[in-house]
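Below you'll find the structure, written out as structure tokens, and then a few comments.
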Amino acid sequence: MYYYPLQPPYLLLVIGFFIALTSGVALSGTLKLIVQKWQKNSTESPKSNSSLRQLFVPFLGITIGVCLFLSSGLAIFGFPSFLALAVGLPISLLTCLLVWLQLGSMLTFAERQGMRSLDLDSLQ
């Protein structure tokens, strides 16, 4: 006997994807502006903490969108709503936390070593 939800949350799935996608575009644009500012003011030392503060709101939007998308997807595949949220929330929060820490370390590394140190094509 299979469990099929009467009204699967397809709309929440699309909304979560839309939130994550638009926040990702905003994060990309903000990162480009930060790098352009770093190149323009190369004599001054950039502050990675202020850069991370500028990136926090778009990244929070990505986190919320991914959590909503993952939880809705699990609910569509037959998980009860509470269990879908109990599984989707920790997975998405942990993944986004690890990505946030990696982004911060990459910005700090680029601040110290310069942007050319991140160019992997030049290592050949």
Side-chain angles (χ1 to χ4, degrees):
M1 184 172 225
Y2 294 106
Y3 167 76
Y4 293 108
L6 295 176
Q7 295 180 352
Y10 293 123
L11 183 63
L12 287 177
L13 184 87
V14 171
I15 289 172
F17 182 73
F18 180 74
I19 290 171
L21 186 68
T22 54
S23 297
V25 170
L27 183 77
S28 172
T30 307
L31 265 174
K32 287 177 185 177
L33 287 175
I34 288 171
V35 170
Q36 287 174 358
K37 190 189 309 181
W38 282 4
Q39 290 173 349
K40 196 182 285 187
N41 301 334
S42 60
T43 57
E44 300 174 10
S45 64
K47 305 245 194 253
S48 63
N49 287 339
S50 66
S51 301
L52 283 176
R53 274 189 254 124
Q54 292 174 349
L55 296 174
F56 183 71
V57 173
F59 196 82
L60 185 64
I62 292 172
T63 304
I64 292 169
V66 166
C67 180
L68 191 60
F69 180 81
L70 184 60
S71 298
S72 300
L74 289 173
I76 288 171
F77 284 111
F79 281 70
S81 298
F82 176 73
L83 186 60
L85 191 60
V87 171
L89 188 66
I91 289 174
S92 59
L93 288 179
L94 181 63
T95 303
C96 289
L97 175 69
L98 294 174
V99 169
W100 179 257
L101 293 174
Q102 184 66 31
L103 178 65
S105 69
M106 292 301 289
L107 284 175
T108 305
F109 181 76
E111 176 186 342
R112 281 186 280 142
Q113 302 291 330
M115 292 303 288
R116 296 203 72 32
S117 64
L118 298 177
D119 186 20
L120 296 177
D121 292 335
S122 67
L123 295 176
Q124 296 177 353

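With hydrogens and angles ignored, the 3.5 Å screen pairs a side-chain donor or acceptor of T95 with a backbone N or O of I91. Judged by distance alone, the side chain of S92 and the main-chain N or O of L89 form a donor-acceptor pair under 3.5 Å. A side-chain donor-acceptor contact under 3.5 Å links T22 to the backbone of I19. In this structure, the side chain of S105 engages the main chain of Q102 through a donor-acceptor pair within 3.5 Å.
Atom CG of L52 and atom CG of L107 lie 5.5 Å apart (nearest 0.5 Å). To the nearest 0.5 Å, atoms CG (L98) and CG (L93) are separated by 11.0 Å. For the atom pair L85 CG and L70 CG, the distance stands at 10.0 Å (nearest 0.5 Å). Separation of atoms NZ (K32) and CD (Q36) is listed at 9.0 Å; rounding is to 0.5 Å. To the nearest 0.5 Å, the span separating SG on C96 from CG on L101 amounts to 11.0 Å.
Contact check for L83 versus L74: no side-chain heavy atoms found under the 4.5 Å cut-off. The closest side-chain heavy-atom distance from L55 to I34 is below 4.5 Å. Within the 4.5 Å cutoff, side-chain heavy atoms of V99 are placed close to those of F59.
Heavy atoms only, all atoms of each residue included: G88 and S71 are closest at CA-OG, 3.8 Å. Listed here is the closest heavy atom pair of I62 and A20: CG1-O, 3.9 Å. Considering every non-hydrogen atom in both P9 and I76, the closest pair reads CD-CG1, 3.8 Å. A84 and A75 get closest at one heavy-atom pair: CB-N, 3.8 Å.
Classified by interplanar angle (parallel below 30°, tilted 30° to 60°, perpendicular above 60°), the ring pair F56/W100 is perpendicular.
One hydrophobic cluster holds both L21 and L13 under the rule that ILVMFWY side chains link at heavy-atom gaps under 4.5 Å. Cluster annotation: L97 and V57 are assigned to distinct hydrophobic clusters (Ile/Leu/Val/Met/Phe/Trp/Tyr, side-chain heavy-atom contacts under 4.5 Å, transitive).
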